[in-house]
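Okay, structure first, notes after.
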Amino acid sequence: MLQNAEKNDTPVKSQEEYTSLLHTVLDTRYRGRPRAFVHTYGCQGNVSDGERMKGMLAEMGYTFTDTAEDADLVLYNTCAVREHAEDRVFGNVGALKNIKAARPGMVVALCGCMMQQPRVAEKIRKSYPFVDLVFGTHVIHRLPELLYRTLCGKGRVFELPDEAGGITEGLPVVRDSSFKAFLPVMYGCNNFCSYCIVPYVRGRERSRTLEAVLDEARSLVEAGYRDITLLGQNVNSYGKDLETPVSFAQLLREINAIPGDFRIRFMTSHPKDCTRELLDAMASCEKVAKHLHLPFQSGNDRVLKEMNRRYTREQYLELTRYARQVMPELSLTSDVIVGFPGETYEEFQDTLRLVEEVGFTSLFTFLFSPREGTPAAKMPDPVSREEKGKWFRELTDLQERIAEKRNQSLVGKRFRVLVEGPGKKEGLLAGRTQGNVVIEFPGEGSLIGSFVDVQVTQALAWILRGQMES
Ligand code: SAM
Ligand code: SF4
Ligand code: F3S
């Protein structure tokens with residue numbers, strides 16, 4: 001579904017002109033509506049960028065397809081956060097060589113965080129000559145112009161400025177879901193955690209104005225969206241850079257006041273900026289899901305310091321205690337890195353102890369991946385991959401036991417669930433509690449996109465089973 005995401009702050013007129021020129025260009029070139037295959041890797045922020053690029057492509061006349069084989073435009077929106085993510089992209093781009101040889105009219109375009117790294121752009125330039133267009137994270141709003149230059153100019157187009165010029169409001173958007181939506185509230189990151197590439201490829205923090213966010217939230221609620229996730233790498237610093245500063249807690253209260261039956265989520269919160277004011281706002285806003293994704297990364301103070309996270313284990317634990325005091329039903333989830341350079345097994349055990357003490361609903365666990373250009377990539381890293389793999393399994397086994405126990409304690413309880421789609425087994429639907437736990441239950445497909453009450457009857461390792469209640 002195509003909607004106007006936000007009201008205009010910055011005019012996008014010249015891009016509109018390119019959009020209308022492209023109608024003619026594409027008509028002549030493809031005779032009929034051209035098809036685009038847009039694939040996004042990485043985080044929800046990237047998915048949200050992908051939805052806006054799809055909005056622009058729809059306005060140019062593109063329809064969407066699920067495979068590269070029958071596409072006239074292939075656009076890969078890439079992620080650079082770990083080496084594995086990059087390897088997958090290179091593999092998938094390599095596979096396009098033969099497809100493009102068979103369909104020379106096809107345009108291959110790459111964008112997103114990976115492209116923002118000069119070594120990657122250089123590799124694409126030299127070793128992937130069939131890639132026509134490469135652009136970075138700061139120019140996605142210029143997609144019409146870039147595509148026009150690719151189709152009508154001579155040679156390949158590489159557009160990779162270092163800095164964002166500001167935030168372009170008013171971009172159209174084609175969302176992947178008709179009832180769950182991502183709403184970016186800020187872009188970029190100022191934190192420079194020593195392992196992380198994001199600040200280098202996404203630039204400094206920029207907040208959207210309160211009005212722009214509220215306008216988009218209102219239009220989502222009016223369009224029937226039931227689950228709105230506010231996005232930013234560190235939403236707790238939302239609004240600090242605005243002309244009239246606003247806190248994230250205030251933003252939550254304002255969105256909560258929009259009339260309608262919907263749920264508000266947000267991610268990600270950085271523990272160093274997660275304030276009691278925010279936790280109190282969460283507790284008092286009935287539409288805000290009682291789910292907090294609060295990455296701790298490591299349970300050891302020396303490792304946290306080396307990571308440049310700027311909080312201690314005790315400060316993290318104190319935050320979770322306060323959060324549970326004001327929201328006893330709170331579901332906590334987190335991110336953890338295993339095998340940071342120089343981490344010892346004893347230090348890793350502090351991570352295990354923290355996981356045990358907090359009792360997370362679920363964890364995203366990652367093996368440290370060196371990212372060129374970050375301080376951690378230069379740190380001595382003596383522990384073997386095999387050894388780190390063992391620690392990793394120890395952590396995931398522990399979390400599995402904790403999640404199973406937590407799930408068992410939910411049997412007999414009743415939850416308001418947003419039905420998201422069919423379950424894994426035939427005849428079952430799958431939905432999500434406000435704590436972000438998946439629950440499957442028998443029901444009609446017509447309920448997808450609405451809230452229902454479900455009583456938990458059985459706890460499996462990762463999901464719950466239940467029965468709908470009237
Ligand atoms: N801004 C969020 C925060 O600070 O919590 C995280 C964003 S990052 C895209 C998601 C997760 O990827 C991080 O929380 C971290 O656990 C993981 N990550 C980032 N860089 C990594 C690296 N070099 N190796 C392994 N995991 C990494
Ligand atoms: Fe990366 Fe740290 Fe920024 Fe999160 S807060 S995006 S981990 S630098
Ligand atoms: Fe990846 Fe960029 Fe997100 S590096 S995790 S897509 S901000």
Side-chain angles (χ1 to χ4, degrees), residues 39-51 53 76-89 110-117 120 136-138 140 164 182 184-206 230-238 266-274 292-299 303-304 306-311 316 319 332-341 343 351 355 360 362-379 381 385 388 391-392 395:
H39 188 75
T40 294
Y41 302 80
C43 64
Q44 290 153 329
N46 227 28
V47 171
S48 170
D49 282 353
E51 291 183 335
M53 288 190 276
Y76 285 155
N77 183 23
T78 64
C79 168
V81 79
R82 282 170 291 276
E83 198 178 351
H84 177 68
E86 292 201 352
D87 290 346
R88 267 176 52 212
V89 171
L110 305 178
C111 65
C113 298
M114 240 174 109
M115 300 307 130
Q116 208 63 43
Q117 303 170 100
V120 173
T137 54
H138 302 310
I140 67 166
F182 293 133
V185 301
M186 60 188 298
Y187 301 94
C189 181
N190 288 354
N191 289 317
F192 290 94
C193 301
S194 63
Y195 50 82
C196 186
I197 195 74
V198 171
Y200 303 88
V201 294
R202 285 275 168 180
R204 298 294 69 72
E205 285 175 1
R206 283 119 36 222
L230 311 179
L231 295 179
Q233 290 300 344
N234 175 16
V235 288
N236 307 127
S237 50
Y238 170 77
F266 57 89
M267 70 188 312
T268 299
S269 290
H270 193 303
K272 85 171 162 56
D273 298 313
C274 182
L292 182 61
H293 183 66
L294 194 64
F296 72 91
Q297 314 295 0
S298 162
V303 177
L304 283 172
E306 290 294 305
M307 287 178 162
N308 192 29
R309 288 291 286 181
R310 288 174 276 174
Y311 52 84
Y316 184 88
L319 262 181
L332 272 161
T333 57
S334 198
D335 294 351
V336 194
I337 296 178
V338 175
F340 184 80
E343 183 178 37
T351 291
V355 166
F360 294 100
S362 58
L363 277 184
F364 295 90
T365 45
F366 306 105
L367 268 180
F368 169 74
S369 171
R371 304 284 63 210
E372 199 181 305
T374 64
K378 294 192 211 89
M379 295 178 185
D381 190 6
R385 222 185 147 74
K388 290 183 184 183
W391 302 1
F392 187 87
L395 173 61

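Worth saying up front: this structure is predicted, and the values here are computed from it rather than measured. Start at 1 and go down the list; that is how both ligands and their atoms are numbered.
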Does the side chain of Tyr41 come within less than 4.5 Å of Met114's, by heavy atoms? no
**Asked** Between Phe366 and Phe364, how do the two ring planes meet: parallel, tilted or perpendicular, split at 30° and 60°?
**Response** parallel
- Item | Residue pair Leu395 / Leu363, side-chain heavy-atom distance below 4.5 Å | yes
Min N/O separation Arg82 to ligand 1 under 3.5 Å
yes
Nearest non-hydrogen protein atom to atom 6 (S) of ligand 2, with distance, is Gln233 OE1, 3.5 Å
Atoms of ligand 3 under 4.0 Å from any heavy atom of Cys43, numbered from 1 in the order shown, are 3 (Fe), 5 (S), 6 (S), 7 (S)
Quick note on ligand 3: atoms under 4.0 Å from a heavy atom of Gln233 include exactly 7 (S)
If you define the side chain from C-beta out and look only at heavy atoms, does anything of Asn234 sit under 4.5 Å from Lys272? yes
If we number the atoms of ligand 2 from 1 as shown, the ones under 4.0 Å from a heavy atom of His270 are 5 (S)
**Study point:** contact_flag Met307 ligand 1 heavy-atom lt 4.0 Å
**Key:** no
For Cys196, the ligand 2 atoms with a heavy-atom partner under 4.0 Å come out as 1 (Fe), 6 (S), 7 (S), 8 (S)
* Asked: Hey, does Ser369 have a side-chain heavy atom less than 4.5 Å from the side chain of His84?
  -> no
Less than 4.0 Å is my threshold; does some heavy atom of Gly45 fall inside it relative to ligand 3?
no
Assign the ring pair Phe296 / Tyr316 to parallel, tilted or perpendicular, where the plane angle (0 to 90°) is split at 30° and 60°.
tilted
Taking N or O atoms only and a 3.5 Å limit, does Asn234 qualify as a polar contact for ligand 1?
no
Note: ligand 2 atoms sitting under 4.0 Å from heavy atoms of Pro199 are 8 (S)
**Request:** Decide, counting backbone as well as side-chain atoms, whether Cys113 has an N, O or S atom less than 2.8 Å from atom 3 (Fe) of ligand 3.
**Result:** no
Numbered in order shown, the ligand 2 atoms found under 4.0 Å of a heavy atom of Val198 are 6 (S)
Give yes if a backbone or side-chain nitrogen or oxygen of Arg309 is under 3.5 Å from a nitrogen or oxygen of ligand 1, and no if not. yes
**Request:** Look only at the side chain of Asn308 and the backbone of Ser194, and say whether a donor-acceptor pair between them is shorter than 3.5 Å.
**Result:** no
One finds that the ligand 2 atoms under 4.0 Å from a non-hydrogen atom of Cys189 are 3 (Fe), 5 (S), 6 (S), 8 (S)
Query raised in the report: Quick one: does Thr268's side chain get under 4.5 Å of Pro295's, heavy atoms only?
Result: yes
Numbered in order shown, the ligand 2 atoms found under 4.0 Å of a heavy atom of Phe192 are 8 (S)
Per-atom filter on ligand 2: closer than 4.0 angstrom to a heavy atom of Arg309 are 2 (Fe), 7 (S)
Kindly say whether Cys189 contributes a backbone atom to a donor-acceptor pair with the side chain of Arg202 at under 3.5 angstrom? no
Taking a cutoff of less than 4.0 Å between a non-hydrogen atom of the residue and any ligand atom, is Asn191 in contact with ligand 1? no
Nearest heavy-atom approach of Ser237 to Asp273 is CB-OD2, 4.5 Å
N or O contact, Gln233 vs ligand 1, cut-off under 3.5 Å
yes
